[in-house]
Every structure is written in structure tokens, then in C-alpha cells.
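For reference, the structure discussed in these notes is given below.
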Amino acid sequence: MNNTPSNAVGSTPLALIATLSRLVTKVTDRVTGDRSEFPLLVATVTTEALRRFGIEANVFYGEAAWIEVMENQSLMWAGCWGEHTHFWTVTPYGEIVDLNTSVSHRKKSRHNPDHQPKFSPPLLWSKEVPAFYRYKPGGIAEVELDSERDRRWFELCLKEVIEKTGDLRALMETPDNDLDFPDEPILCPGRRILDDGAQSFRHFDRALAVQGIPDRPF
């Protein structure tokens, strides 16, 4: 369908951000068992879902890093750089969409396998990217689903996300106060941060305020 909302000139509509971030994170977690290990799948489902609703997004690849808070409240950069590649979505409004950052603490860092993260930064859906993230794009990814498992996962996830999003025009009529976001911190356009029930971002932000942001890894 190609019914881009008329108010989507500057950013993705908040109703679509809320719905897609909630559905993509929930569905990919369930299908894969842990989406933190599958950033390409998450980015591809997000991108294709946006395209189905008339927003011509792309999957990008490159180096990416974000700060994590350790059990001892120290800070460390985690992510993919050097020989490792990360994947994220970029919308036509210049927004970076990364629906894996908030759960990066669930996997071991490739660069620091012994670290014990406690808090990760929020999910990201914004063209204003704070200093606790770092993205260095290498280009638009040519997505190839080579294995039967990858194709099956992608088709299952995208089908469910599209079906549960429903009619876009009806969704756009939902008042902001009634929008259903994922129970994970998320950074939305305009530097609007919505915290989760455990106030994870409040704890993350407090550690940054005390420690300061360490030197970037690249």
C-alpha cells in the first residue's frame, strides 16, 4: 500500500513508530528466541514494514557502537566495528532506526567478551542521535536471505507485523496518550525519550551523568 501520511514530511508519524517498534521487537524476539543476535533480520523487517506503509526506508550496514553501563556502574562501548558489521534502518527523513540497542546487554561483546553489562541505551528512532550512540554507514545493504531458516523467519515476522499493524489511517487517528509502545526505553523524534516500567533509561542516564562519555571507539 502506498498511503504515506500527509504529516510524515519531517519524521515518521509517532503512531507508526509506536506500533512498529512494539511489534517488530516482540515478534522477532519470539521467532528467533533472542533478537539481539539478529540485527539484519530486525532491520529488514522494520524496513519492509515501513515500505508497505509507503515510507521508502533502506537497510544500511556499517560500524556502530553504543555505551553500556556495567554492573559496577562503569561505562563501556559495545557494538560492531573493525571486522564486524552492524545493520540498521534509515528512513527518508534521515532517521536512524535501531531496534536492537536496548537489548544489546543480552549478548557478549565481541570486543570485550568478559564485560557484564547491566543497562543499554534506548531503542533509537530519530535523526537526532545523542553522543552515546555512534553510527558510521558503509552503504545500503543488499539483503539476501540465503537460508531456508532466514527466509522463513523473515516471512513470518513481516506477515505478523503487517497484519497486526492493521489499517494505517485508523492507526493515525489514535491519540498520542493511547499509543502502545514496547516496554523498552525508546528515543523518538524531537529527542523524546520514553522509559520502560523499570526506568532503565533513568539508571542509564544517571551513570552517564556521573561518569561522562568515554572516548569513542572509532
Side-chain angles (χ1 to χ4, degrees), residues 1-32 35-36 38-60 87-103 121-130 133 140-141 143 145 151-201:
M1 61 186 73
N2 189 19
N3 51 347
T4 307
S6 60
N7 67 337
V9 174
S11 63
T12 305
L14 192 62
L16 197 54
I17 291 174
T19 302
L20 289 185
S21 62
R22 173 175 52 81
L23 290 174
V24 170
T25 55
K26 184 177 181 178
V27 172
T28 55
D29 259 342
R30 192 189 72 245
V31 169
T32 66
R35 75 179 193 274
S36 68
F38 302 96
L40 178 56
L41 174 68
V42 173
T44 303
V45 172
T46 303
T47 298
E48 290 304 314
L50 283 168
R51 285 175 172 264
R52 297 293 180 93
F53 292 107
I55 296 177
E56 294 299 314
N58 288 293
V59 177
F60 272 67
F87 299 92
W88 60 91
T89 297
V90 177
T91 72
Y93 320 114
E95 299 160 323
I96 290 178
V97 182
D98 192 340
L99 301 184
N100 266 28
T101 49
S102 68
V103 294
L123 300 170
L124 179 62
W125 197 310
S126 176
K127 57 187 171 186
E128 297 177 282
V129 180
Y133 303 98
I140 296 176
V143 179
L145 302 174
R151 287 192 293 271
R152 184 177 72 255
W153 280 2
F154 170 71
E155 291 168 2
L156 283 171
C157 292
L158 182 61
K159 182 175 184 290
E160 183 172 344
V161 168
I162 294 300
E163 287 179 349
K164 290 187 175 179
T165 300
D167 180 69
L168 182 59
R169 295 189 184 280
L171 178 64
M172 293 298 297
E173 295 175 358
T174 306
D176 285 359
N177 290 339
D178 293 336
L179 295 176
D180 191 6
F181 285 85
D183 190 21
E184 298 177 25
I186 183 170
L187 173 59
C188 298
R191 289 184 175 267
R192 178 179 181 181
I193 293 181
L194 303 177
D195 214 342
D196 62 358
Q199 295 189 309
S200 299
F201 179 74

Would T89 and F60 count as a side chain to side chain contact (heavy atoms under 4.5 Å, CB included) here? Give the steps. CA-CA 6 Å; T89 297; F60 272 67; over 6 Å; no
Donor-acceptor contact present, side-chain D183 to main-chain D196, <3.5 Å: no
May I ask you to decide if L99's main-chain N or O and R35's side chain share a donor-acceptor pair within less than 3.5 Å? yes
Could you check whether any side-chain N or O of K127 sits under 3.5 Å from a backbone N or O of S11, counting only pairs where one atom can act as donor and the other as acceptor? no
Nearest heavy-atom contact between V103 and S36 is O-CB, 3.6 Å
Within the distance-only criterion (no hydrogens, no angle test), does the side chain of D195 pair as donor or acceptor with the backbone N or O of F201 below 3.5 angstrom? yes
To the nearest 0.5 Å, atom CD of E128 lies from atom SG of C188 at 12.0 Å
Would you check if R51 and N58 make a side-chain contact, meaning some heavy-atom pair closer than 4.5 Å? yes
Between the side chain of E160 and the main-chain N/O of V27, is any donor-acceptor distance below 3.5 Å? no
Could you walk me through whether K26 and V161 satisfy the side chain to side chain contact (heavy atoms under 4.5 Å, CB included) test, starting with their C-alpha distance in whole Å, then the side-chain angles of each, then the deciding distance to 0.1 Å, before giving a yes or no? CA-CA 9 Å; K26 184 177 181 178; V161 168; over 6 Å; no
Less than 4.5 Å apart, any side-chain heavy atom of R191 and any of P130? yes
Under a 4.5 Å cut-off applied to non-hydrogen side-chain atoms, are L50 and L16 in contact? yes
Over all heavy atoms of both residues, which pair between P182 and T25 is shortest? Give the atoms and the distance, please. CB-OG1, 3.9 Å
Are any non-hydrogen side-chain atoms of L187 and Y133 less than 4.5 angstrom apart? yes
Contact check, side chains of I162 and F53, non-hydrogen atoms, under 4.5 Å: yes
Between CD of E184 and CG of D29, what distance do you get to the nearest 0.5 Å? 7.0 Å
How long is the span from the CG atom in L123 to the CD1 atom in I193, to the nearest 0.5 Å? 11.5 Å
Rounded to the nearest 0.5 Å, what's the gap from CD1 on I96 to CG on L124? Could you check? 6.0 Å
Taking A57's backbone N and O only, do any of them form a donor-acceptor pair with T91's side chain (distance below 3.5 Å, no angle check)? no
Taking the side chain as C-beta and beyond, is there a heavy-atom pair between L14 and W125 under 4.5 Å? no
Look up atom CD1 in I186 and atom CZ in R22, then write down how far apart they are to the nearest 0.5 Å. 11.5 Å
Heavy-atom side-chain contact between K159 and E163 under 4.5 Å: yes
Within-4.5 Å side-chain heavy-atom neighbours: Y93 and P189: no
Separation of T46 OG1 from I55 CD1 (nearest 0.5 Å): 12.0 Å
Specify whether F38 and W153 have parallel, tilted or perpendicular ring planes, treating 30° as the upper limit for parallel and 60° as the lower limit for perpendicular. perpendicular
Go through it in stages, so that I can follow the logic: the residues are T165 and L20, the test is side chain to side chain contact (heavy atoms under 4.5 Å, CB included), and I'd like the CA-CA distance, side-chain angles, deciding distance and then a yes or no. CA-CA 7 Å; T165 300; L20 289 185; 3.6 Å; yes
